[in-house]
Structure formats: structure tokens, C-alpha cells
Amino acid sequence: MSKRFALTSLSVVLALGLTACGSNAESNSAGSGNSKEGEKTRISYWTGDRHDAEFVKEKVAAFNETNTDGIEVELVVKGDDFDTALDLSFQTADSPDVIRVKENTIGTFYKKEYLAPIDEFLTDPLKDKFPAMDDLNTFDGKRYSLPNYGTTMRLIYNKDLFAKAGIENPPATLPELVDTAKKLTEAGKADGAYGFAQNFKNPPSALGRSSRVIAELSGFGGFGYDFKTARFDFSGFKPIIETFKQIKDDGSMLPGVESLDIDPLRAQFAEGKIGMYLSFSSEPGVYSTQFPAKIDWAAAPAPTIDGNVKGASGFLGGQWLALSSKSKHKEAAWKFMEYMYSDAILTDYQEKGYGISMVPSISAAAKTPDVKGIEGFLPNAHDGVWPVYPTVAPEGMKSDDAFFKYMLNGGDLDAVITDLNKRYNAALDDAIANDGLKAEPDPSFDPAALGGKFAK
């Protein structure tokens with residue numbers, strides 16, 4: 001696990017989205033290249049990111065126009081269906097050549113054999129320039145991706161509505177979160193504003209940006225996995241899910257969250273209709289360009305269960321582009337990847353506010369973007385990188401869907417958690433026995449020791 005903290009000397013790392021985040025899939029074959037029409041090598045790059053789509057589109061067009069190898073890249077921007085679309089593509093002949101990978105997908109894609117190692121293309125200087133982390137960039141001694149940027153998670157709040165409700169500080173505990181949401185809703189009633197919102201059109205997205213960070217700061221694994229015992233245990237989520245249900249039952253949650261996606265949520269927040277929500281450090285850019293905020297807003301650390309920080313807010317990132325195992329043009333695909341990982345593009349990526357680099361040489365030289373709200377997302381003493389949890393495929397409903405169902409319909413939450421633990425641990429045991437998954441207990445694991453590795 002020691003290699004996971006190889007980036008501890010890095011400076012500020014966060015992700016900011018500054019461009020349109022449209023929900024529809026988009027395909028662009030930008031530029032015409034320099035070779036004659038019949039001589040081009042066509043490759044495709046698939047991404048699920050929308051916050052930097054315009055930036056990437058611009059760089060792809062520049063590559064197509066300037067490369068002297070006759071390579072033409074097609075950019076395909078997917079929405080929340082990225083993983084499903086990728087699965088389907090690998091069952092056909094239409095899989096991409098280059099794939100956007102993330103901390104919660106690269107391990108799965110590796111196990112599904114979607115990725116090809118890039119070691120044959122890496123020189124010693126490149127290996128030194130891009131620090132690699134086990135289970136995030138490397139698997140079984142081979143590298144599959146290089147880092148670009150990282151993200152933090154915070155509570156985003158409407159300062160104007162807070163002032164109207166007479167609330168001076170954002171909530172630090174779950175009871176305070178319930179009480180604050182209620183007061184904000186009361187204060188915003190005349191204007192149709194509500195205290196809290198979540199994007200439950202996609203429960204994994206909603207809880208992945210809310211319950212996860214609260215659990216991690218409170219000392220629990222954000223995906224229900226206990227690293228001390230090497231078993232799944234979702235009991236730490238009980239007070240968090242109960243809190244979200246209470247906010248909804250109180251009428252303090254924006255109506256219609258069952259069908260609310262993240263961009264419509266952002267649009268409502270920018271209009272002043274939402275008091276608080278939890279999300280990633282892409283938000284400052286969103287309110288700078290995509291949904292210019294009509295309110296004064298800020299970001300604060302997420303609350304914990306009882307006000308005590310016993311863990312670390314998951315510091316996300318460490319990957320960007322990966323090479324497809326089914327690509328018939330791996331050398332051409334690597335030339336495009338090498339171009340995207342150039343100093344000029346990584347520096348431009350940071351300085352235009354799409355993210356601050358996890359590459360030491362870039363983060364040391366590139367400027368920090370001047371964007372409203374950025375200060376609330378800077379890494380602090382309670383941000384840290386958690387170990388990679390084992391990904392399993394339980395039978396039946398997954399945890400996020402089970403928790404959301406409880407929030408809507410009620411029932412016995414203890415029974416829900418008991419069932420989740422049983423099914424997830426059965427899947428874990430099966431993966432250990434049949435798939436070679438390794439999951440060993442670490443009795444000395446201390447989540448509180450993870451924080452502060454990236455703070456200035």
C-alpha cells in the first residue's frame with residue numbers, strides 16, 4: 001500500500017469544471033489531418049467527462065490538424081451511460097482505441113481485460129515524470145494509465161439563503177444538517193427554495209458525492225468496505241441514510257429529486273432554489289461558465305456523523321487516459337495519448353481551470369486558476385487518498401439503489417444493511433475463491449492518518 005502515497009509531495013490538487021456539461025452523447029471527428037484521405041489512421045477516444053469536453057475537443061482538433069503521422073481522432077463524449085456503452089462496445093467491433101479511466105473504473109476495466117499495458121511506450125524519463133500508484137495506475141506490475149488531476153468533495157451552500165435564514169455557519173454534524181435544511185426551506189418558502197437536494201435520477205452518482213464523503217470523514221469506508229477486517233460492513237451508513245430520509249420526510253428536500261440529474265440540480269442551485277448539496281470540486285467552473293450563479297455561494301467541509309473527524313475525505317483521481325486492449329492501432333493511439341500528456345496541454349488544462357495537476361512538474365510550474373469558489377475546495381488536513389477497495393458484483397440490488405429505495409419507501413434499515421452485508425461478502429468470497437481477488441485484513445489501518453497528505 002506504500003506506493004499509493006507516492007504523491008504526498010505534490011502541491012494543491014483539485015478538479016474544477018469550467019465548461020458545458022451537456023447530458024447527451026456527443027461525437028466529433030475534428031480536423032482533417034495532413035495526410036491524404038485514404039492514408040489516414042482513424043482512432044477513437046471515449047470519455048464520460050463533460051466538464052472539460054470543450055477543452056478536449058479543441059485539443060483533438062489541433063492534433064488532427066497538426067500531426068504528421070496521418071492520424072485522425074474521433075472524440076466521443078458519453079453521459080452517465082459511459083460504462084454500459086463501453087461494455088456493449090467490447091461485445092462488438094466498435095470499441096474505442098483510447099478510454100477515459102477513473103479511480104472507480106480502472107480496476108473494473110482491467111479485470112474485464114479492456115485495457116492494454118503501456119509499458120512498451122514509456123521511457124525512463126516518462127516513468128519518473130508521472131508517479132504511479134498501485135491499483136490506480138499499475139496492476140500486477142504493469143502500467144495502464146498516467147495521472148493528470150484529482151478532485152475533492154465539499155458541501156456547497158447558498159450564502160444568500162443562509163443569511164436570510166439567519167444561519168451563520170454551514171452544518172458540521174448530521175443533526176445540524178437536518179435542522180439547517182429545515183430552516184433554509186422555511187426561509188425560502190416564498191421563493192420556492194428548499195434546503196437540500198440530491199441528484200437521485202442516478203443513485204450511485206447522488207450517494208457517491210454525498211454519503212460517501214460523510215462516511216469517509218467519519219472513519220468508514222465510503223463504499224462499505226472495512227479495511228481492518230477485509231469485509232463489507234455498511235452499518236456506518238445507517239445514520240447518514242436516516243438523515244437523508246429525514247430531510248426528505250420533513251419536506252426540506254427539493255421536490256422531484258427522484259428524477260433529478262446533476263446538471264438540472266446545478267441549474268436550480270444557480271437560480272437560488274437550493275440551499276445546500278454535496279459534490280465534487282468541478283462546481284466552481286460550472287458556476288463560472290455553464291450555469292452562471294445568480295447567488296453568492298461557497299463551499300465548506302462536509303459534515304460528519306457527530307462533528308468528529310475520524311477519517312479523511314476521499315481525494316479522488318490519479319488516472320486519465322488508457323489504451324484499449326482491442327485497439328488495432330495501438331501505436332497511433334499512444335501518439336495521441338503522448339500528445340495529450342504533453343507539458344503544454346497539462347499546463348493549459350490547469351491554468352484554464354479544468355483541474356490542478358497531480359503531476360509534480362506540472363503542479364509546481366502551472367498557475368492556480370482564478371475562479372470564484374476555488375478556495376473552498378483546496379485540499380486541507382482532512383483530505384486524503386484511501387486504499388482501493390475490492391470491486392465485487394453482488395447478486396440483487398446494489399447498495400446505492402437499496403438505500404435510495406429505503407429513503408423513498410421506508411422499512412427496516414437494519415434489515416437492509418444486514419442483507420447488503422450478506423450479499424456483498426458472498427460476492428467478495430466468490431471473487432477471492434474464483435477470480436484471484438486479494439483482500440487481506442489490515443488491523444492497523446487508521447483512516448484518520450490518511451488526511452493532510454496533499455494540503456499546502
Counting heavy atoms not belonging to [X], are there more than 12 under 6.0 Å from its [atom1]?
X	atom1	answer
Lys326	NZ	yes
Lys127	NZ	yes
Lys294	NZ	no
Asp370	CG	no

Going by atom types only, do [X] and [Y] share a side-chain donor-acceptor pair under 3.5 Å?
X	Y	value
Ser145	Asn137	no
Asp233	Tyr424	no
Gln198	Ser210	yes
Tyr341	Asn148	no
Asn421	Asn425	no
Asp442	Ser444	yes

Looking at [Y] and [X], is any side-chain nitrogen of the basic one under 4.0 Å from a carboxylate oxygen of the acidic one?
X	Y	result
Lys398	Asp401	no
Lys201	Asp263	no
Glu54	Lys57	yes
Arg100	Asp49	yes
Glu74	Arg42	no

(request) Can you run down the salt bridge (charged side-chain N to carboxylate O under 4.0 Å, His left out) pairs that involve residues 216-232, sequence neighbours left out, and say none if there aren't any? (result) Arg212-Glu216, Arg231-Asp429
Heavy-atom check, side chain of [X] versus side chain of [Y], under 4.5 Å:
X	Y	answer
Ser259	Phe200	no
Leu323	Tyr144	no
Thr41	Glu72	no
Asn169	Phe162	no
Thr173	Asp306	no
Tyr339	Asn67	no
Leu122	Arg143	yes
Leu136	Gln319	yes

How long is the gap from [atom1] on [X] to [atom2] on [Y], to the nearest 0.5 Å?
X	Y	atom1	atom2	value
Leu420	Ser235	CG	OG	11.0 Å
Ser342	Lys59	OG	NZ	8.0 Å
Tyr114	Ser89	OH	OG	7.0 Å
Ile214	Leu177	CD1	CG	6.5 Å
Leu278	Glu283	CG	CD	10.5 Å
Ile241	Leu174	CD1	CG	10.0 Å

Nearest heavy-atom neighbours spanning [X] and [Y]:
X	Y	answer
Val73	Asn64	N-OD1, 2.7 Å
Pro303	Leu217	O-CD1, 4.4 Å
Ser313	Val213	OG-CG2, 3.3 Å
Thr138	Ala132	CG2-CB, 3.7 Å
Ala300	Pro170	CB-CG, 3.5 Å
Ala332	Ile43	O-CD1, 4.0 Å

(message) Test of understanding: with side chain to side chain donor-acceptor pair (under 3.5 Å), list the residues that count as partners of Asp128, not counting sequence neighbours.
(response) none
Examine distances only and state if a side-chain atom of [X] and a backbone atom of [Y] form a donor-acceptor pair shorter than 3.5 Å.
X	Y	result
Asn158	Asp160	yes
Asp261	Pro264	no
Glu338	Trp334	no
Thr347	Asp343	yes
Lys330	Ser325	yes
Glu351	Lys367	yes

Validation row, ring centre [X] to ring centre [Y] under 6.0 Å:
X	Y	result
Phe280	Phe377	no
Phe130	Trp320	no
Phe196	Tyr277	no
Tyr389	Tyr225	no
Tyr157	Trp297	no

(message) Would Phe269 and Phe291 count as a ring pair (Phe, Tyr, Trp, His ring centres under 6.0 Å) here? Give the steps.
(response) CA-CA 9 Å; Phe269 182 79; Phe291 301 115; over 10 Å; no
(message) With side-chain hydrogen bond (donor to acceptor under 3.5 Å, both in side chains) as the criterion, how do Tyr45 and Asp97 come out once you've worked through the C-alpha distance, each side chain's angles and the decisive distance to 0.1 Å?
(response) CA-CA 6 Å; Tyr45 167 44; Asp97 297 276; over 6 Å; no
(message) Parallel, tilted or perpendicular: which one describes the rings of Phe336 and Phe63, with boundaries at 30° and 60°?
(response) perpendicular
(message) Using salt bridge (charged side-chain N to carboxylate O under 4.0 Å, His left out), reason through Asp383 and Arg154 one step at a time and then give a plain yes or no.
(response) CA-CA 10 Å; Asp383 290 312; Arg154 298 289 187 262; 2.7 Å; yes
(request) With ring pair (Phe, Tyr, Trp, His ring centres under 6.0 Å) as the test, would you mind laying out the steps for Phe220 and Phe237 before giving the verdict? (result) CA-CA 8 Å; Phe220 300 102; Phe237 283 80; 7.8 Å; no
(message) For Lys112 and Asp87: C-alpha separation, side-chain torsions, deciding distance, then whether side chain to side chain contact (heavy atoms under 4.5 Å, CB included) applies.
(response) CA-CA 9 Å; Lys112 291 181 177 180; Asp87 286 338; 3.1 Å; yes
